[in-house]
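Side chains included, hydrogens not; waters and symmetry mates left out as well; all remaining heavy atoms used. This one's a predicted model, so the numbers in the text were calculated from it and none came from an experiment.
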Amino acid sequence: MSERVSVAEAAKMLGMSQQGVRIHMQRNLFRIPIGDVTKPGGRYQYHIYRDMLMKHLGKETT
């Protein structure tokens, strides 16, 4: 996978709140996935990958 991006950075790039990004990821609402959500030990963890985020934004990386 590519470099990881924080929820805060992804939210800024997507023009939405950090909580909005988390909810969209939990509910699989993004048209093109931007990463993975896991829930080890009862807390969600968000793994957002730059390549996937850029693809979602229509800005393919090479």
Side-chain angles (χ1 to χ4, degrees):
M1 274 287 132
S2 67
E3 171 189 357
R4 284 184 41 189
V5 175
S6 69
V7 172
E9 184 178 351
K12 188 174 183 179
M13 293 174 75
L14 291 164
M16 58 193 310
S17 70
Q18 292 180 38
Q19 189 62 21
V21 171
R22 292 182 189 104
I23 290 170
H24 272 67
M25 289 184 72
Q26 288 172 20
R27 297 181 184 169
N28 210 15
L29 297 176
F30 285 116
R31 180 178 46 84
I32 298 173
I34 62 171
D36 305 308
V37 179
T38 58
K39 194 175 179 184
R43 286 191 64 156
Y44 285 104
Q45 291 183 352
Y46 304 90
H47 303 254
I48 302 170
Y49 301 102
R50 186 168 305 280
D51 286 350
M52 294 175 80
L53 178 59
M54 297 307 283
K55 184 174 182 179
H56 175 79
L57 292 169
K59 300 176 183 177
E60 299 275 343
T61 58
T62 55

query = Rounded to the nearest 0.5 Å, what separation is found between the OH atom of Tyr46 and the OG1 atom of Thr38?
reply = 9.5 Å

task = Taking the side chain as every heavy atom from C-beta outward, state whether Leu53 and Glu9 have any pair of such atoms under 4.5 Å apart.
result = no

Residues that Phe30 engages under ring-ring contact (aromatic ring centres under 6.0 Å, His included), provided they are two or more places apart = His24, His56

key: Joint hydrophobic cluster, Ile23 plus Tyr44, side-chain heavy atoms closer than 4.5 Å   = no

key: Arg4 side chain near Tyr49 side chain, heavy-atom distance below 4.5 Å   = yes

query = Does the side chain of Ile34 reach to within under 4.5 Å of the side chain of Val5, using non-hydrogen atoms?
reply = no

message = Between Lys55 and Met52, is there a side-chain heavy-atom distance shorter than 4.5 Å?
response = no

ask   = For the atom pair CE (Met25) and CG (Asp36), what is the distance rounded to the nearest 0.5 Å?
value = 7.0 Å

